[in-house]
> 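Would you mind keeping the following structure in view while I ask a few things?
Computed from a predicted model, the values in this text were never measured in an experiment.
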Amino acid sequence: MNQLENTLTSLEVAEMVERRHDQVIRDIRKIIEQLADHKSVASYFTEDTYKDSTGRELPCYRLTKKGCELFSTRMTGAKGTQFAVAYIERFNQMEQHIKQQPQVSNVQDDYAKRLRAKAMDQNARNRAAKALIDMANNATSDVNKALLQNKAVEIMTGEKLLEMPTLRQKFYSTEEIAAELGIFSESKKPHSTAVSQFIKTYLTLEDDEFEVFAESSGNWSGSVTKYAESVLEKVEQTIKEMDYPMFVPSKNGKNYHIYYRNIA
């Protein structure tokens, strides 16, 4: 941090985030593996060497501005914040250094103005990305976390480097379907058994419209079949077409009586 350079070394990064250098090297190599098909890896990280106190020549990496931004998305908590602040401070140093240079010609003046504008724009991007990273750290699901991290990378680098996760559709238990459609038993509880028998008796489902989930509650554990939103819609439509039947027959000959709420 003593000299104004266009890159940071992995040694400096390790010091900023208070981690061992070999751990930082490992993380950078993982990122490089994920960027294996990306044509501009060198615009993020370049291999280099340094000599330790014993004179040994050891590997390190140089991180460009984009490389620092990408590395920061992998950091969480206080250390991630510290690294982001340290990097932003370095960038601000560069901006101040440029401002202090004597303007000896119109060409140099224009160039300095462009650099200042670029620095200010990048600082704004860094602040926006940091806000997204903080939100990702507090995300309640892996999908939301991945989406926020991907957006942070896009803001800072202008490129979508992370594969967007596939959002899974919501699946409903028969109890949830019963509650949603107002199908109740005599005890005024959502009639999950009646809904289950209704689906088996009257509907034909596609393979992607149901899924078996492993669940546990108290001393019980087992599997539960849940259904896609399209099945909920099919149940609702079929009930309307049947003019709201008052019972559902089962294969064992038992009739499950139904009481409706919120009938349109």
> Holding to ring-ring contact (aromatic ring centres under 6.0 Å, His included), I want the full list of residues that pass it with Tyr227, two or more places apart in sequence or in another chain.
none
> Less than 4.5 Å apart, side chain to side chain, heavy atoms only: is that true for Leu8 and Thr64?
no
> Can you list the residues that meet the salt bridge (Lys or Arg N to Asp or Glu O under 4.0 Å) rule with Asp52, with sequence neighbours excluded?
Arg56
> Mind checking whether Glu211 and Phe213 have side chains closer than 4.5 Å, heavy atoms only?
yes
> Do Val17 and Val24 come close enough that some side-chain heavy atom pair is under 4.5 Å?
yes
> Could you list the residues that satisfy side chain to side chain donor-acceptor pair (under 3.5 Å) with Ser230, not counting sequence neighbours?
Glu209
> Are Thr7 and Leu63 packed together at the side-chain level, in the sense that at least one heavy-atom pair is separated by less than 4.5 angstrom?
no
> Kindly state each residue pair satisfying salt bridge (Lys or Arg N to Asp or Glu O under 4.0 Å) with at least one member in residues 222-233, sequence neighbours excluded.
Glu215-Lys226
> Is a side-chain donor or acceptor of Thr46 paired with a backbone partner of Ala42 at a separation under 3.5 angstrom?
no
> List for me each residue that meets side-chain contact (heavy atoms from CB on, under 4.5 Å) alongside Asp22, sequence neighbours excluded, and say none if there are none.
Arg20
> Quick check: closest heavy atoms across His21 and Ser10, and the distance to 0.1 Å?
NE2-OG, 2.7 Å
> Could you pull out all donor-acceptor pairs under 3.5 Å where a side-chain atom in residues 186-195 meets a protein atom, sequence neighbours excluded?
{"unit_1": "Ser187", "atom_1": "OG", "unit_2": "Ser185", "atom_2": "OG", "d": "2.9"}
{"unit_1": "His191", "atom_1": "ND1", "unit_2": "Ala194", "atom_2": "N", "d": "3.2"}
{"unit_1": "His191", "atom_1": "NE2", "unit_2": "His257", "atom_2": "O", "d": "3.4"}

> Could you check if a side-chain atom of Leu181 sits within less than 4.5 angstrom of a side-chain atom of Arg261, using non-hydrogen atoms only?
no
> Any sub-3.5 Å donor-acceptor pair from Gln237's side-chain atoms to Lys234's backbone N or O?
no
> Can you list, by chain and residue number, the hydrophobic cluster partners of Tyr50 when the side-chain cut-off is 4.5 Å?
Leu11, Leu58
> Which value, rounded to the nearest 0.5 Å, describes the distance between Lys170 atom NZ and Leu232 atom CG?
10.0 Å
> Looking at residues at least two apart in the chain, or sitting in another chain, which of them share a side chain to side chain donor-acceptor pair (under 3.5 Å) with Asp48?
Arg62
> Does Asp27 reach the side chain of Phe71, with side-chain heavy atoms less than 4.5 Å apart?
yes
> According to the salt bridge (Lys or Arg N to Asp or Glu O under 4.0 Å) rule, which pairs have a member within residues 193-205, sequence neighbours left out?
none
> Would a hydrophobic clustering, with Ile, Leu, Val, Met, Phe, Trp and Tyr connected at side-chain separations under 4.5 Å, put Ile177 with Val212?
no
> Tell me every residue that passes side-chain contact (heavy atoms from CB on, under 4.5 Å) with Glu47, counting only those two or more places apart in sequence or in another chain.
Tyr61
> Measuring from Glu236:CD to Ile183:CD1, what's the distance to the nearest 0.5 Å?
9.0 Å
> Give the other cluster members for Tyr256, using side-chain heavy-atom distances under 4.5 Å between Ile, Leu, Val, Met, Phe, Trp and Tyr residues; answer none if it is isolated.
none
> For Phe198, enumerate each residue passing the ring-ring contact (aromatic ring centres under 6.0 Å, His included) test, keeping only those at least two apart in sequence or located in another chain.
Tyr202
> Are side-chain heavy atoms of Tyr260 and Phe184 found at a separation under 4.5 Å?
no
> Can you find a heavy atom in the side chain of Phe45 that is under 4.5 Å from one in the side chain of Leu70?
yes
> So does Ile31 get a backbone contact from the side chain of Gln34, meaning a donor-acceptor N/O pair under 3.5 Å?
no
